[in-house]
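As C-alpha cells, the structure follows; a few thoughts come after it.
Because only heavy atoms are used, hydrogens play no part in the values below, and waters and symmetry mates are left out as well, while side chains stay in.
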Amino acid sequence: MPSSDWAEAITGCIFDMDGVIYRGDTLIPEVPAFLQALDDAGIVWSMATNNSTKTQRDYVEKVGRMGIVAPETHIVTSAIATATYLRQTYPAGTTIYVVGMDALKQAVFADGFFQPAEHDAKVVVSGADFDLRYDQLKVACLAIRAGADYVATNGDRTFPTEDGLIPGSGAIVAALVAATDVQPVVIGKPSPVMIESCLDIMGTTAASTLMIGDRLDTDILAGNNAGTPTLLVLTGVSTEADIETFGIQPTLVVPTLAEATAAFQARTAKASKR
C-alpha cells in the first residue's frame, strides 16, 4: 500500500461481509483491530452484503457472536434491496415465485404486499439457496418462459466458506438463463443501489466513503459505479492477478485489513498531536 495519506479524507466505510469480515462462521483475524481503528478515528461504518440468505437480525446475531456490535439498520442485504426494488416497480398483489432461502421470502412477502405463486407468477425472484431442488428450477423456468419477469438478488457465482468457494446466487442465475435465454434484472452489487443506501444511512458522501470488498466484479465495481474510493482486500475471492483479467481497478489493494488498520491508526496518532 502507498502512504497512508488517503485515510485523511475518509469519513465513512462500507464493507462487504463474506470474505472481508468472516469466512463462513469464522472471523477473519485482522477485523477486530480494524473496527477499533475506525472507531478511534471517528469513522462511521456500515455493511453491504450480496448474501440474501440471512435477515438483518440474523447478521446482527452472527457478527455479535464474533464480538462485533452492529446496528441492524446499518446492514443492507441484497434481499432487502430486492424487496425495495419490487415495491417500487410492481403494484400490490403482484404474484411472485421466489427461489431462495427464508430470509429472501420474508423480505418479499412479510408485509403481504405481494402474493406467493408458482406457474402463474408474474415475477420470478432468485437468490442463493443452499437447499435448492430441481423442482424449484423447473417452476421458475416454466414461469419465466410463460412471460414472468426475472429479478435476481445478485450475480455472485461463488460463495466463500471455510471449506472454500461454493456455488452462489449466480450459479442459480446461470442455470435459469441457460434454460430460458432470459437475463434477469440484477439488484445487488455491482449496482450502486446498495452503496447509495449505505451512504444515506451513514450521512456521508461518496467521495469521503471507502468501499471495502473482496470481489472485483461486485464490491469494487459497485464502489466505482457509486463514485467511492475502493479497497480490495485479498482475504476472499479476488486476487491481484484478477485486476488485469477483469479490467476493474480498485483505488487500493491490501493483503489483509492490517494495512488499512495501520493507516487509520496513523491518522488518529497524527490528530492527537495537533
Q. Taking the side chain as C-beta and beyond, is there a heavy-atom pair between Leu252 and Glu259 under 4.5 Å?
A. no
Q: Indicate if Val193 and Ile195 have the same hydrophobic cluster label, given that clusters are the connected sets of ILVMFWY residues with side-chain heavy-atom separations under 4.5 angstrom.
A: no
Q. Is Thr94 reaching over with its side chain to a backbone N or O of Pro91, donor-acceptor style, under 3.5 angstrom?
A. yes
Q. Does any N or O in the side chain of Asp16 come within less than 3.5 Å of the main-chain N or O of Asp214, such that one atom is a donor and the other an acceptor?
A. no
Q | Lys/Arg cation over aromatic Tyr90: Lys122, 6.0 Å, 45° cone | A | no
Q: Answer yes or no: is there a side-chain heavy-atom contact under 4.5 Å between Thr261 and Thr256?
A: no
Q: Using a cut-off of 6.0 Å, state whether more than 12 heavy atoms not belonging to Tyr134 lie near its atom OH.
A: no
Q) Got a salt bridge between Asp156 and Lys189, using NZ or NE/NH1/NH2 to carboxylate O under 4.0 Å? A) no
**Q.** Distance in Å, Ile212 CD1 paired with Ile21 CD1, rounded so as to fall on 0.5 Å steps
**A.** 8.0 Å
Q: Can you label the angle between the Tyr59 ring and the Tyr22 ring as parallel, tilted or perpendicular, going by 30° and 60°?
A: parallel
**Q.** Stepwise side-chain contact (heavy atoms from CB on, under 4.5 Å) test for Ile187 and Thr153
**A.** CA-CA 5 Å; Ile187 303 302; Thr153 60; 5.8 Å; no
Q) Hey, does the side chain of Ser52 reach the backbone of Ala79 with a donor-acceptor pair shorter than 3.5 angstrom? A) no
Q. If every non-hydrogen atom of Leu231 is compared with every non-hydrogen atom of Ala260, which pair is closest and at what distance?
A. CD1-CB, 4.1 Å
Q. Side chain of Arg145, backbone of Ala179: donor and acceptor closer than 3.5 Å?
A. yes
Q: Using the side-chain contact (heavy atoms from CB on, under 4.5 Å) rule, take Thr82 and Asn154 through it: C-alpha gap first, then chi angles, then the decisive distance, then the call.
A: CA-CA 9 Å; Thr82 297; Asn154 68 90; over 6 Å; no
Q) Under 3.5 Å, is there a donor-acceptor pair between the side chain of Thr230 and the main chain of Asn224? A) no
Q: Say whether Val186 and Val125 are linked into one hydrophobic cluster, either directly or through other cluster members, by side-chain heavy-atom distances under 4.5 angstrom.
A: no
Q) With a 4.5 Å heavy-atom cut-off, do Asn51 and Phe159 have their side chains touching? A) yes
Q) Which distance, rounded to the nearest 0.5 Å, do you find between the CG of Leu210 and the CZ of Phe15? A) 10.0 Å
Q. Side chains of Met17 and Lys62: closer than 4.5 Å at any heavy-atom pair?
A. no
Q) Asp39 side chain to Gln36 main-chain N or O, any donor-acceptor pair under 3.5 Å? A) no
Q: Grab the two heavy atoms, one from Gly24 and one from Met66, that are nearest each other, plus how far apart they are.
A: O-CE, 4.3 Å
(Q) I'd like to know if the side chain of His74 and the backbone of Trp45 have a donor-acceptor N/O pair within less than 3.5 Å. (A) yes
(Q) Less than 4.5 Å apart, side chain to side chain, heavy atoms only: is that true for Arg215 and Asn50? (A) no
(Q) Measuring from atom CG of Leu216 to atom CD of Glu244, what distance do you get when rounded to the nearest 0.5 angstrom? (A) 12.0 Å
Q. Does any N or O in the side chain of Thr235 come within less than 3.5 Å of the main-chain N or O of Gly19, such that one atom is a donor and the other an acceptor?
A. yes
Q) Side chain of Gln265, backbone of Ala37: donor and acceptor closer than 3.5 Å? A) no
**Q.** CZ/Arg157: more than 12 non-hydrogen atoms of other groups inside 6.0 Å
**A.** no
**Q.** For Asp102, side chain to side chain donor-acceptor pair (under 3.5 Å) partners two or more places apart
**A.** none
Q.
Less than 4.5 Å apart, side chain to side chain, heavy atoms only: is that true for Ser191 and Tyr85?
A. no
**Q.** Contact summary for Ile144 and Val124, nearest pair of heavy atoms
**A.** CG1-CG2, 3.8 Å
Q: Treating Ile, Leu, Val, Met, Phe, Trp and Tyr as nodes and any side-chain heavy-atom pair under 4.5 angstrom as an edge, say whether Leu257 and Ile68 lie in one connected cluster.
A: yes
Q. Where the side chain of Asp200 meets the backbone of Ser197, is there a donor-acceptor pair that is under 3.5 Å apart?
A. no
(Q) Between Thr161 and Asp163, is there a side-chain donor-acceptor contact under 3.5 Å, judged purely by atom types and distance? (A) no
(Q) Please tell me whether Val185 and Val108 are part of a single hydrophobic cluster in this structure, the criterion being side-chain heavy atoms less than 4.5 Å apart. (A) yes
Q. In the single-linkage hydrophobic clustering (I, L, V, M, F, W, Y; side-chain heavy atoms under 4.5 Å), do Val98 and Tyr150 co-cluster?
A. no
Q.
Walk me through whether Val76 and Ser46 qualify under side-chain contact (heavy atoms from CB on, under 4.5 Å).
A. CA-CA 8 Å; Val76 179; Ser46 61; over 6 Å; no
Q. Got a second to check how far Gln136's CD is from Cys141's SG, nearest 0.5 Å?
A. 13.5 Å
Q: Before giving the answer on side-chain contact (heavy atoms from CB on, under 4.5 Å), spell out for Tyr97 and His119 the whole-Å C-alpha distance, their side-chain angles and the decisive distance to 0.1 Å.
A: CA-CA 8 Å; Tyr97 181 68; His119 300 289; over 6 Å; no
Q | Distance-minimising heavy-atom pair for Pro229 and Ala207 | A | CD-O, 3.7 Å
(Q) Please report the interatomic distance CE(Met194) to OG1(Thr84), rounded to the nearest 0.5 Å. (A) 10.0 Å
(Q) Quick one, Gln183 and Val177 - any side-chain contact, counting heavy atoms below 4.5 Å? (A) yes
Q) Can Asp18 and Lys54 be counted as an ion pair, charged N to O under 4.0 angstrom? A) no
Q | Euclidean distance, Asp5 CG relative to Arg267 CZ, rounded to 0.5 Å | A | 12.0 Å
Q | Leu232 to Ser238 - nearest heavy-atom pair and separation | A | CD1-CB, 4.1 Å
Q: Begin from the C-alpha positions of Thr239 and Asp242 and carry the test side-chain hydrogen bond (donor to acceptor under 3.5 Å, both in side chains) through to its verdict.
A: CA-CA 5 Å; Thr239 67; Asp242 291 332; 3.2 Å; yes
Q | Distance-minimising heavy-atom pair for Pro32 and Pro29 | A | CD-O, 3.3 Å
Q: Answer whether the closest heavy-atom distance between the side chains of Met202 and Thr209 falls below 4.5 Å.
A: yes
